[in-house]
Protein chains: 2
Amino acid sequence: MTTAQDVQLDSLDAELIALLAAEPRIGVLECSRRLRVARGTVQARLDKLLARGVIRGFGPEIEPAAIGFGVTSFVTLEISQRYGHDAVAAHLSDIPEVLEAHTITGSGDLLCRIVARSNTDLQRVIDQIVSYEGIVRASTIIALAEQIPYRVLPLVRSATVNPRQAGHTSSTRENNAD
Amino acid sequence: MTTAQDVQLDSLDAELIALLAAEPRIGVLECSRRLRVARGTVQARLDKLLARGVIRGFGPEIEPAAIGFGVTSFVTLEISQRYGHDAVAAHLSDIPEVLEAHTITGSGDLLCRIVARSNTDLQRVIDQIVSYEGIVRASTIIALAEQIPYRVLPLVRSATVNPRQAGHTSSTRENNAD
DNA sequence: TACCAAGTGCACAACCTGACCAGCATTTCA
DNA sequence: TGAAATGCTGGTCAGGTTGTGCACTTGGTA
């Protein structure tokens, strides 16, 4: 399981994803019409994509800026070796303004995405972050503009393996792939 | 316009968002049952959240790792002043592996999120990025682990102003808003 | 050749959606 | 104090959609 082998999308999958991304409110039936395939096919594909984890879900996408958090920043944290990442991560997860955090290469640190209501507010959030003793230092970078908003479709397309015929992603043996 | 005053969610809004985030496939009717309000109310709230831009949409969330892009990295680009951000952004947007890009404070540069199939593949992508002459230098940071996966719910909760009564965000007149 | 996976088309009942209504409570304002 | 506006409730309606099961066809494999 977790089988990295299924990692192959055909063009129908890609089109389906693109279609759903473009018009999320449409249903399975509408998709089948647009893609010119049977409804059952769309249903089956969708189920598979969900089962494989390619599509994680259809949650509402919230725009932080629309609820007052217009400032985005990336903060790199240098943490004390004695504390460990997990403890720091636990601390960070208590702060709502921390939208995500990754451990990264380099000085063995953390990179997190922070939002705030204003630059002043950002200071407050950062103070809150560094108040934890496991954190030695924080260096903040403010995002001025979003040159490329988060997107995945181009990637989906580039990951597509052309054949549009039978779904046969998994002919005889479906593993071996990777 | 963009009325920063509408930027206020009450607890019903927050609960609705949380509910949708938890179980995206449920419909308006089911929401109204769960939240113990009339269906029309849920519909109205949802419409308003969408209209205000708080909820951007319900697109499928794709997991890059599930389609073979298991390596995530953050690349900081130093760009030549002579070229400007936009030209570079245009170049970047041609590369599917670039999932997002922001201009940032500091040396007036760009921070982007890149995925790749492997570390070797990452090298390929980076080479492709720096092939553009407007880019002077790229420094790459690889994300080793996702300590806090992208999340917004805590933020939504913290942005909530409790009163559960009338939405009256925009008092007497409701138009003027957008 | 027989088998299997995948797709097609069809049918059914159950359900949900969008639209509409009148009634009621609360707040705002004259 | 009374009128108007706003939001929520609970109900109806027709029409479309979903989930499911089934028979049939197709292409590749053992």
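Because the structure is predicted, anything quoted here is derived from the model rather than measured. Order of the sequence lines sets the chain letters (A, B, ...), proteins ahead of strands, with each chain counted from 1. Only this structure's heavy atoms are used, side chains among them; waters, hydrogens and symmetry mates stay out.
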Over 12 foreign heavy atoms within 6.0 Å of CD, B/Glu146: yes
Between P of C/dA5 and CG of A/Asp10, the distance in whole Å: 18 Å
Euclidean distance, atom CG of residue A/Leu50 to atom P of D/dG19 [Å, nearest integer]: 11 Å
B/Phe74 six-ring centre to B/Arg113 NZ/CZ under 6.0 Å and within 45° of normal: no
Within-4.5 Å side-chain heavy-atom neighbours: A/Ile26 and A/Leu19: yes
Distance-only side-chain donor-acceptor flag, B/Gln123 / B/Asp127, under 3.5 Å: yes
Electrostatic pair A/Arg34:A/Glu23 at N-O distance under 4.0 angstrom: yes
Protein-to-nucleotide contact annotation, 5' to 3' order, nucleotides 8-20 of chain C [B base; S sugar-phosphate only; - none; under 4.0 Å, heavy atom]: S--B----SBBB-
Interatomic distance, A/Asp47 CG vs D/dT18 P [rounded to whole Å]: 12 Å
